[in-house]
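Order of the sequence lines fixes the chain letters, A, B, ..., with proteins taken first and strands second; residue numbering starts at 1 for each chain. A quick note: this is a predicted structure, and the numbers were derived from the prediction, not measured.
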Protein chains: 2
Amino acid sequence: MNHLADNWIDRFQGLRGLPADIRADLKSGSRIVSVPAGTRVFEPGQSADNLLLLLEGTVRVQHHSATGRDVLLYRVHAGESCVLTTACMLAFENYSAEGIAETAVTAAAIPRKVFDELVAHSSIFREFVFTAYSRRITDLFTLIDDIVFQRMDVRLASRLLELANAEGYVHATHAVLASELGTAREVISRTLSEFHRRGWIEQLRGEIRLLGREGLEQLVRSV
Amino acid sequence: MNHLADNWIDRFQGLRGLPADIRADLKSGSRIVSVPAGTRVFEPGQSADNLLLLLEGTVRVQHHSATGRDVLLYRVHAGESCVLTTACMLAFENYSAEGIAETAVTAAAIPRKVFDELVAHSSIFREFVFTAYSRRITDLFTLIDDIVFQRMDVRLASRLLELANAEGYVHATHAVLASELGTAREVISRTLSEFHRRGWIEQLRGEIRLLGREGLEQLVRSV
DNA sequence: CTTGGTCGGTGACCAAGTCACACAATACCG
DNA sequence: CGGTATTGTGTGACTTGGTCACCGACCAAG
């Protein structure tokens with residue numbers, strides 16, 4: 001993991017331009033943390049005191065609703081910052097969103113105080129942070145648009161295409177897909193049956209195999 | 001309008017603690033602008049070069065979708081900052097959200113350059129900005145939750161209670177309410193008929209009169 | 001008074017979410 | 001190893017919400 005500790009800053013597009021002195025502050029002021037898959041990186045009510053910059057793995061940010069269902073809000077990938085923890089850090093409000101490590105995760109944790117100093121002293125760091133915020137906000141806009149206007153079959157098709165690995169397998173139960181899209185498990189089951197009927201997929205327990213991407217892609221494009 | 005120009009900073013909770021020198025910079029670096037109701041304050045594709053702090057009026061931030069319908073994302077009220085313009089200012093991405101003045105609006109416009117300096121030099125200003133961001137993000141979370149899990153009748157009832165003036169009148173057409181809630185006009189018409197049938201409201205052209213708030217409030221609470 | 005535009009109402013239909021099951025595959029455990 | 005619990009999936013009946021196609025009522029301008 002030492003190679004990570006050395007030059008992790010360059011993994012972030014927006015930080016590459018940082019001058020040497022700020023880099024040094026950032027490196028010495030932060031520490032590298034690793035957590036296993038499934039860890040709650042942050043949770044409702046808990047005030048975060050570190051900004052996380054993801055070096056490896058993905059974090060799923062979701063909202064747990066009163067009715068017991070979850071909605072996926074967005075994913076944070078390696079090379080992105082988990083700006084929601086910033087929000088937690090700096091704002092008085094406590095969120096009802098939680099972050100869960102989907103895979104094993106390695107991240108650079110920047111304490112509140114260091115973060116504040118970096119924002120004050122580096123315009124590049126400022127831009128990095130604000131860009132991260134805007135990306136999240138636009139992601140949320142897109143999500144809302146999707147939820148309101150897009151048909152479920154199209155949303156599911158495009159999600160399957162996203163989640164499929166190189167061999168065309170998607171490792172996910174119907175229930176997981178339902179929570180990804182903020183819908184009910186039954187709806188996923190039915191839509192998948194339909195996809196199967198059309199010869200686009202094959203179903204296994206806990207897994208879906210895409211038989212070519214053409215059909216699904218056409219459905220997605222057809223909007 | 002001169003009384004506004006003098007002490008507008010104190011209208012913002014988060015800015016009251018600003019030290020005198022920063023205040024002076026903020027005041028001299030910004031200017032007061034007024035626009036009539038209906039003005040597009042910002043729009044997709046246009047890169048904003050001012051952060052707006054609303055002194056009077058409200059701005060409706062909405063997303064215009066490909067299907068021709070609009071969704072209300074949130075409202076910015078007097079005493080709040082329109083942080084989306086910040087996002088536009090600082091980020092490379094161009095938004096598909098637009099801001100429309102719902103009433104005549106007076107605002108303090110802070111140019112990009114001044115904004116950046118203030119963020120660098122004042123921790124209080126920093127906190128103000130980040131707090132604004134977090135509030136928007138949580139608002140969006142709540143909206144998503146609402147859309148996904150809440151029944152339309154409940155959402156409409158609570159919106160009517162919000163929008164009603166002291167005399168219990170809501171000045172809005174069914175079409176407007178539909179776009180507020182991201183649904184179709186017909187759905188609003190039906191739900192309002194149902195509310196009328198229950199004796200909760202009276203309908204006029206372009207206007208709704210609440211006959212007491214108890215029924216609606218009970219529906220909202222019943223969730 | 002016409003005419004065109006806005007506003008609201010309605011029925012038929014489709015898409016999606018809910019509820020209540022049933023049943024198969026797998027995991028666990030004595 | 002076999003039995004039981006848990007998890008994953010399938011399905012029918014029903015409700016809610018969104019879409020489409022229309023209509024008639026109101027309103028303002030000429």
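- In this entry the distance linking CG of Leu204(A) with P of dG10(D) reads 11 Å, nearest Å.
- Nearer to the 5' terminus of DNA chain D, by closest-nucleotide assignment, is the contact made by Gly206(A) (compared with the other of Val148(A) and Gly206(A)).
- Centroid-to-centroid, the aromatic rings of Phe130(A) and Phe130(B) come within less than 6.0 Å.
- Across all strands shown, dA27(C) forms a Watson-Crick or G-U wobble pair with dT4(D), both key distances being under 3.5 Å.
- Screening residues 201-223 of chain B for ring pair (Phe, Tyr, Trp, His ring centres under 6.0 Å) gives no qualifying pairs among residues at least two apart or on separate chains.
- Evaluation of the salt bridge (Lys or Arg N to Asp or Glu O under 4.0 Å) rule for Arg213(A) yields Glu217(A) as partners, not counting sequence neighbours.
- Every residue two or more places apart in sequence or in another chain that forms a side-chain hydrogen bond (donor to acceptor under 3.5 Å, both in side chains) with Glu80(A) is listed here: Arg136(A).
- Arg40(B) is linked by a salt bridge (Lys or Arg N to Asp or Glu O under 4.0 Å) to Glu43(B), Glu98(B), counting only residues two or more places apart in sequence or in another chain.
- Using a 4.5 Å cut-off on side-chain heavy atoms (C-beta onward), Val129(B) and Tyr133(A) make no contact.
- Near DNA chain D, defined here as any heavy-atom distance below 4.0 Å, there are no residues from residues 208-221 of chain B.
- From Asp153(A), atom CG reaches atom CG of Leu219(A) across 5.0 Å, with rounding to the nearest 0.5 Å.
- The main-chain N or O of Ala178(B) is never found under 3.5 Å from a side-chain atom of Arg185(B) such that the two would form a donor-acceptor pair.
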Worked verdict on Val105(B) versus Thr58(B) for side-chain contact (heavy atoms from CB on, under 4.5 Å): CA-CA 7 Å; Val105(B) 159; Thr58(B) 63; over 6 Å; no
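- Judged as a salt bridge (Lys or Arg N to Asp or Glu O under 4.0 Å), and not counting sequence neighbours, Arg190(A) has no contacts.
- Atom CZ in Arg151(A) sits roughly 11 Å away from atom P in dT19(D) (whole-Å rounding).
- Non-hydrogen atoms lying under 4.0 Å from DNA chain C are contributed by nothing in residues 152-164 of chain B.
- The list of salt bridge (charged side-chain N to carboxylate O under 4.0 Å, His left out) pairs with a residue in residues 99-111 of chain A, not counting sequence neighbours, reads Arg75(A)-Glu102(A).
- Evaluation of the side-chain hydrogen bond (donor to acceptor under 3.5 Å, both in side chains) rule for His171(B) yields Glu207(B) as partners, not counting sequence neighbours.
- Taking every nucleotide of DNA chain C with any atom under 4.0 Å from a non-hydrogen atom of chain B, the first and last of them, 5' to 3', are dT6(C) to dA12(C).
- Take Arg197(A) and apply the side-chain hydrogen bond (donor to acceptor under 3.5 Å, both in side chains) test, not counting sequence neighbours, and it matches Glu194(A).
- Within residues 179-194 of chain B, the residues that place at least one heavy atom under 4.0 Å from DNA chain C are, in residue-number order, Arg185(B), Glu186(B), Ser189(B), Arg190(B).
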